[in-house]
Structure formats: C-alpha cells, structure tokens
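Worksheet for the structure shown next.
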Amino acid sequence: MSEKPRVGVFVCHCGINIGGYLDVPDVVKYAETLPDVAYAEANLYTCSSDGLQKIKEAIKKHDLNRVVVASCTPRTHEPLFQGACEEAGLNKYVFEMANIRDQCSWVHMHERNKATQKAKDLVRMAVAKARLLTPEEEPEIDIQPIGMVIGGGVSGLTAALSLADQGFEVHLVEKEDKLGGYLNKLEKLFPNNTKAEDVIKPLIQRVKETPNITVHLKSTVTDVKGFVGNFDTEITTGDETLPLNVGTIIVATGADYLNPEGLYGYGEVEGVVTQLELEGLIKEGKLGKAKTIVMIQCAGARIEERPYCSRICCSEAMKNATLLVEENTRRDLYILYRDLQTYGLSYTELEWDAKKKGVKLVKYDIERPPVVTKGEKGPVVKVFGPLLGEELTIEADMVVLSAPLIPNEDNKRLSQLLKVPLNSDGFFLEAHVKLRPLDFATDGVYVCGTAHSPKEVAESLAQARGAASRAGIPMAKGRLKTAAITSVVDETKCSGCGTCIELCAYNAITKNERGLAQVTSAVCKGCGVCGASCPERAITMRHFTNEELEAQGLAAIKEA
Amino acid sequence: MSDFEPKIIGFLCNWCSYAGADLTGVSRIQYPTNLRIIRVMCSGRVDPPLPLRFLAEGADGVMITGCHIGDCHYIDGNLYAKRKFSLLRRLVEKAGLEPDRVMLEWVSASEGQKFADVVTGFIDRIKKLGPTPAAENPEIRQGLLAAQAAAEAYRLRALVGKEEKLETKGNVYGDKLSQDELDRIMDEAVDKEYTRNRIKLLLKKPMSVKGLSEKLGIDSKVVLEHIVVLRQRGWVDLHEVRDHSPFYKTMEVA
C-alpha cells in the first residue's frame, strides 16, 4: 500500500470492563495526536452492531485505510472487526488490535493512572504496526471430501452416518473388534427406558449397509500429518498400516468407566458392583433375589483428584432404582447421594417417579462418607444422614457404586497426534465453550460425545450430528481460504542454504528449479521460525514482519 | 530507585502465552503495569536482533514466553526459541549488559496465575538491576548495536539454525555434536562475530589497529586478524596511512 496511511482508532469502553478502570476519553484524545491517525473515537461496545456500523461509517467518511480497535483480545474478536473492515471495502489484514482489557484494565484494576498510561502505550504500539500493515491475499486450498471418525460408539456411528448422508466418504476407526461402544453393555436408557440395543443395533446396521462408510475394526490412528483438507493419516490394524488421506477428522473416542477399586468395599466385599455391572446383570437376567439394594453416588467423583461431576450418574441411578422397584415392589432401594443432579426437563421427573415408587433417598456428607463392610449375608452399609441427624445401618444384598466416566487412557497420545488440547481433567477441549463448541482450535478437527465430557446418549447424538455438520462445511465447499499469515522468500537474497527447509515442521518449504527456497502458502502455518532463522534474512513473515514488530517495540519504549 | 518503573517488552506466542495472559485478565489476577506485550505467532519467531535493538534503544528488560516444550502449537517452534534465546543471552552479556535483563519462560493457555507470577517476578528482577545503562552509557549502546548486527549476519544465524539438528540428528556424515561441543563452538563464534561487528561500527570513523586495540581492550594481533577477515568480507577497507600506520574505515554500502 503505497498511499499514505490514514489510521482510524476505536477505543472500547466495554461497558465498565475497560471504562471503569482507565480513562477511555483520555486514550482517545491521545490517539488523535499519533502520527497518521486520521480519526479516533470511543465506543461503549465496539463489538456491538452499532459499534461495527460506526467503524464502517468512519472508514468511508474519513477515508481510512488502516483500522485499530483498542478493546479486548484478538484471539476472540479480531475476526469480527476484520469482517467490518471488509464490509467497508478494506482488506482484513490492514486491521490491528490493542488489547487494553484482558491484558490491561482487568489486570490493573486498582491503578487507574498507570493503566491509562499503559493503554496509551498499547494504542501507540498498535498504530505503529498498523501504519506498516499491507493488504494480503489469502491462499486457497482444496479440501479432500473424505471424513475420518475416530471411535465407533454411539457418537462416532451417528457422526459417520451424518457425514455419509451428506454425501461424503467416511472412514470409521474403532479400536475394539465390534462397533457400539458402551451402549453394548447398557440395558435401558433414561429418560424413557428405551432399550440400549434398540438404539445401537439399528445404527450399527445402517453403518454397515452404507456403501460410503468404511469401517476399520481393531484399528487405531497412529499418525496424522498435514492440515485441514489434507490430513495424511495412518491407521494401524494389528501389524498392518494403512495410509489414508482425509479432509476432516472427528474425535468420538468416548470415555472410560472408573474402576472404583478400594472405594466402598469394591473388589473386597462381595455384592459391591458398579452401575455398569448392574446394567449387565439386569441385561443377562442374573440379578437373582437381591432385595435390599443400596446405590452410592459420586463414588470417585467430585473429589480433589477428580473434581468434575460425571453428570449422568444421578439420572442413571434413578432409572435403575425405579426399574428394580417396578420389577419387584418388595425390593428396598436406597440412593445415597451428596447432591442430586438430575438436571434438565424430563430428568427431574425421574427423581419424582423414583420417590413415588418408594426409592429412599439419603443425603450423605463427603466429610463422613458411607462405610461398606462385609456382613453375615451381604454387604453392610453405615451412613450418617446429616438431614436425619443420625447414622443408618443397612443390611444390604447388593451395593451399587455410581462411578464416574473418566477420560480415555489414549486421549493424551491422540491429542498430541492431532495437536488438539485436553482440559485439566483429561477430556478433549473444544476451541471455545460457547463460540466454537464442536470445533478444536486446529482447523478441520472436531469433537463429540463423551470424549469431550461425560454426557448422556441424547446429548451425544446431538453433538455428533453437530460435529458432522461442522466437518461438512469445508468439505462441501471443496475449497477453503487459509490465513495469509505465511512466510515469503525474497529470491534475490536467498542463497539456497536449505536451513529453512530443515526447520519447517510442515514441509511447506521446498527448493525450486533454481535451487532457492520456495514456500507453499497453503501449507505454511505462519509460525515464522524460518524467517527468524534464515541466515540471509531472506524470508519475510507476512503480517508479522521484522519492520512491523520493530516499530511496535520501539513505540513501546519511546513516545515519538 | 524505589520509584523506578522499568520499561519491559514481552514477546508472547499467540497460542499459549498470549492466551495465558488473556486468562490472567479473565481471572482478574493483578500484576504491575510495566509490561508491553507484542503478539507473535510462535516464540520461535523471536529473532534475536529485535530484542537486542529494543535493549539498545532503552528497554529495561525483554521477556519471551511460549508454549511448554512438547506442547508447541507448531510442533517444535519453541525448541528453536530456546536456541535463539541462548544466543540472545550470550550477546547481551558480550555487549556488557546484565544477561538477566532477558528471560525465556513457558506459559500455557491455562496458566493465568503463572503468567502473572512470571511477569511480577521479572519486573522485580529488573527493578533490582535498576534502569538500563544503555541509555546513559554509549559504550553499552554501541555494544548492543554490534550484538544486533552480529545476530543479523550469516554465521551466527546459520549456526543457530542448525544447532537443534546437529545435536539431535547429526550432520551430513551422521556425526552428532554434544551440547558441550555446540556451546564451545557457539561461544567462539559469538566472541568473534560480536568483536568484528563492534570493529565495523567503530570504523565508521577511521581508526588504526592500535587505536582499536586500546578502545576494545583486545590484543592488537587479534584485532589485526579480525581486520583481515573484515576486509575479506568487504566490510572494511584501508582508508589512509597516517604516520606509517594504516587507518581502516567501514565500507559504505550504497
């Protein structure tokens, strides 16, 4: 852009989030004095439709060719403001942000003057960079219309079918020797007591009958290279490996069940089982004559080493308790709980129904948890009920532990392979809990089901369909624009030493016919390691050039 | 110096540390106001000439933060950040500045508290060191500019670029170098390249070998060796002979 820069600066109050802790009007006044700033204004919320409209109007009215927004973080809001620039006819790469909220007003809430000074500095730095910004073209890449779904449980099967229904070829990779996952082990599903096999068997059948789904049993994904549109993967089945080139990947690897070894007599006292084992016993008709049954909630969950709530266990216990009482009204059912979390629309009814049918609910305190010992004919449960104010002793025939879902052991390996994060509990972490709940931050990789967090079947089904439609977007388009933040080689400076080729983690740099380095923009992910290492300083990082970073830093040190 | 408010520049990688710094804000964890953040895509992007320039121009400290080793968004960019930082620290020391004025730390996107702790700790460290001498002491400023020039020139860049591979995969003959051997090679190269760039800067005004030797406190034989190399590179040339002693001058590049 050879024309003289005309920078517009928009300083956001963010309600009181910024305006309450630093002097926004003063920052605006200061911005007006900066070189090449043609216009500056304050907004209550720059990200509101009104704020965006004001940016667009100012671009037209003041003939702006660079835009700086001083507000929150580019990590969440840069695309929104770039969109406003584009709508007003500017290239999105002439936009720059100054982070005066997350990295200023929120971390300096008791130092108004210093925070205002810092905000001015950050605006000056952003303007200094903006003056040097240039419009960039975004490279386009082809998207391979083939999806991979990892995990053949209810989520993976649903996602695979949904992708196949959209017309894409799908590879479904399952580590076990059959499809279905945990639903194979369950008897009936809450809230409406649908038989698990009535859900899973038709799904498996449809997957098997769908010609564009290829099922790989006893297989694991052992290598993933490349990027959205062209993942070069490798799946291993026994001793054999199979290379597969796919456009998108959905992680539907599910969760595991905690083995509550050592908790409440499990593994020591006969007659202590888990809810999952109970489902199996009911399914196989092996429950026997167990009359007094005690269920213990949060067995291994909501404790220091596993602080999360497994969400499904309260409803699961209500459902199983009710079924057992319905089957034999002479049964005595107790549910020992810490807090009942039968959340949502129909699930509270489960709780009412259970109570109506005579299931006894006893609250216990984590400070004084139930104790299970071996009695003469079965397990004996002693529990102090803080609501009752006394200790109960229950001579039970069976104790059922509601153990939580836990992250799969393989999650860590897979997360490193796919370059996607896990949360502190070890489940897969989406890009943004509200803005991008089904995507990973890595383009082209999506998540659904209990791999993401403990959830029941209905939620898993909805998430699986959602993930499949997200994955369908780039594949249906066939082509995708990728960020223009890539490196570019100045051939007049390049000596062909090959340092950059060795450093590039994505094999985005090759030697051309003249023996000089050449970057494939669509493959370049924009880290800038090559440019920072080039012995001849022949590589420029678009949007983060040496000149831009230097101007930013010098502006931080000096006022002028 | 209790009212000394250091100017500190931080390079934060977009994916981990910048997100971590945002989380510090979202969590309303407070830290002092001295840091000015520059967002880069990867800590491996931080080319040593940039921090050296900022230090020469009066920054009291420069910190670089990136994803933890093994967690780099770009697979292994932070390994190169580490290599580059070690060059940076060496050059800062050569220039006569406290090497503790630069820092490299790993902060993940979930470590909001750690980010605040890292920043607070670094600000304290710089406060203890006091204002940068580069602003007052032209020798140190010149030293930092020479260090910047050395970091921009081929030899050190080529070495740092190859270091990781030389240690882990070996050279074209398959010979691997240990970290000790690499350190020795690096120390020697840094010493030579720094001195040569220092001479090159000094020779903007013509000087004799003797004059350079006195100015730099280096044996005149060593200075002469450097002059030979600098002439070979076409960086300096003979300017005139005064009282039988040759005066050299940096070549002006058009």
Side-chain angles (χ1 to χ4, degrees), chain A residues 72-76 97 99 101-111 113-115 117-118 121-122 125 129 416 419 421 423-424 429 441-442 485 495 497 499-500 502-503 505-506 525-537 541 543-544 546 549-550 552-558, chain B residues 5 7 9 11 14-15 18-19 21-42 44-51 53-54 57-59 62 70-77 80-81 84 109-110 116 152-158 160-162 164-165:
Chain A
C72 46
T73 170
R75 290 179 52 258
T76 54
M97 261 177 108
N99 187 332
R101 188 188 72 179
D102 303 48
Q103 297 177 3
C104 190
S105 68
W106 277 351
V107 290
H108 314 306
M109 297 172 93
H110 317 295
E111 300 174 276
N113 289 341
K114 284 183 180 174
Q117 186 53 52
K118 177 169 168 179
D121 290 358
L122 292 174
M125 290 164 72
K129 180 173 177 184
Q416 282 167 356
K419 295 181 215 82
N423 67 14
S424 55
L429 181 66
T442 304
I485 302 170
S495 64
C497 71
T499 303
C500 55
E502 282 169 16
L503 292 179
Y506 300 94
K525 301 296 275 181
C527 64
V529 168
C530 57
S533 309
C534 173
E536 302 286 6
R537 304 221 301 156
M541 283 312 310
H543 209 60
F544 289 89
N546 280 338
L549 298 185
E550 188 175 272
Q552 224 178 335
L554 293 179
I557 304 164
K558 292 195 171 106
Chain B
E5 289 294 348
K7 285 178 185 160
I9 293 180
F11 287 97
N14 183 58
W15 305 97
Y18 196 91
D22 282 345
L23 181 62
T24 314
V26 173
S27 320
R28 307 297 195 278
I29 301 166
Q30 307 291 297
Y31 58 83
T33 58
N34 308 68
L35 178 68
R36 302 291 177 267
I37 291 170
I38 296 178
R39 182 169 71 113
V40 287
M41 282 293 132
C42 178
R45 163 71 183 94
V46 184
D47 201 353
L50 283 169
R53 179 76 201 280
F54 298 156
E57 297 302 333
V62 177
D71 283 346
C72 178
H73 182 81
Y74 298 107
I75 305 166
D76 54 11
Y80 300 111
K84 290 185 170 72
S110 62
E152 284 172 354
Y154 189 90
R155 187 172 172 206
L156 293 182
R157 299 180 71 81
V160 173
K162 300 237 185 279
E164 184 67 30
K165 198 176 174 204

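By convention in this document, chain letters (A, B, ...) are assigned in the order of the sequence lines, proteins followed by strands, and residues within each chain are numbered from 1.
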Taking the side chain as everything from C-beta on, heavy atoms only, tell me whether [X] gets closer than 4.5 Å to [Y].
X: B:Val40; Y: A:Leu549; value: yes
X: A:Ile557; Y: B:Ile9; value: yes
X: A:Thr499; Y: B:Lys162; value: yes
X: A:Leu554; Y: B:Arg53; value: yes
X: A:Trp106; Y: B:Thr24; value: no
X: A:Glu536; Y: B:Arg157; value: no

Distance in Å, [X] [atom1] paired with [Y] [atom2], rounded so as to fall on 0.5 Å steps:
X: B:Glu152; Y: A:Arg537; atom1: CD; atom2: CZ; answer: 3.5 Å
X: A:Glu111; Y: B:Tyr31; atom1: CD; atom2: OH; answer: 11.5 Å
X: B:Arg45; Y: A:Phe544; atom1: CZ; atom2: CZ; answer: 9.0 Å

Top contributor to chain A interface from B:Asn34, B:Leu35, B:Val62 [non-hydrogen pairs under 4.5 Å]: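 Between B:Asn34, B:Leu35, B:Val62, the count favours B:Leu35.
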Pick whichever of B:Ala59, B:Ala153, B:Gly77 has the most heavy-atom pairs under 4.5 Å with chain A.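 Option with the top pair count is B:Ala59.
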Is it the side chain or the backbone of [X] that comes within 4.5 Å of chain B heavy atoms, both, or neither?
X: A:Leu429; result: neither
X: A:Asn423; result: neither
X: A:His543; result: neither

Between chain B and each of [options], count heavy-atom pairs under 4.5 Å; write down the option with the most.
options: A:Arg101, A:Gln117, A:Met109; value: A:Met109
options: A:Ala115, A:Cys534, A:Cys497; value: A:Cys534
options: A:Pro74, A:Cys72, A:Gly526; value: A:Pro74

Given heavy-atom pairs under 4.5 angstrom as the criterion, report whether the side chain, backbone, both or neither of [X] touches chain A.
X: B:Ile38; value: both
X: B:Arg39; value: both
X: B:Val26; value: both
X: B:Thr33; value: both
X: B:Glu164; value: neither
X: B:Pro51; value: neither

For the residue pair [X] and [Y], what are the closest heavy atoms and their distance?
X: A:Ala556; Y: B:Arg36; value: CB-CB, 3.9 Å
X: A:Ala505; Y: B:Asp76; value: CB-OD1, 3.9 Å
X: A:Cys527; Y: B:Cys42; value: O-CB, 3.5 Å
X: B:Ala158; Y: A:Pro535; value: CA-CG, 3.8 Å
X: A:Gln552; Y: B:Ile37; value: NE2-O, 4.5 Å
X: B:Phe54; Y: A:Gly553; value: CZ-CA, 3.3 Å

Using the rule given for side-chain contact (heavy atoms from CB on, under 4.5 Å), can you reason through B:Glu5 versus A:Lys114, listing the C-alpha separation, both sets of side-chain angles and the distance that settles it, and then say yes or no? CA-CA 10 Å; B:Glu5 289 294 348; A:Lys114 284 183 180 174; 3.0 Å; yes
Indicate yes or no for a side-chain donor-acceptor contact from A:Lys558 to the backbone of B:Glu57 under 3.5 Å, with no hydrogens or angles considered.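 Side chain of A:Lys558 to backbone of B:Glu57: a pair is present.
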Listed partners of A:Gln103 passing side-chain hydrogen bond (donor to acceptor under 3.5 Å, both in side chains), at least two apart: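 With sequence neighbours excluded, A:Gln103 shows a side-chain hydrogen bond (donor to acceptor under 3.5 Å, both in side chains) to B:Asp22, given in chain and number order.
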Quick one: list whatever passes side-chain hydrogen bond (donor to acceptor under 3.5 Å, both in side chains) with A:Ser533, sequence neighbours left out.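 Once residues adjacent in sequence are excluded, the partners of A:Ser533 under the side-chain hydrogen bond (donor to acceptor under 3.5 Å, both in side chains) criterion are B:Lys84.
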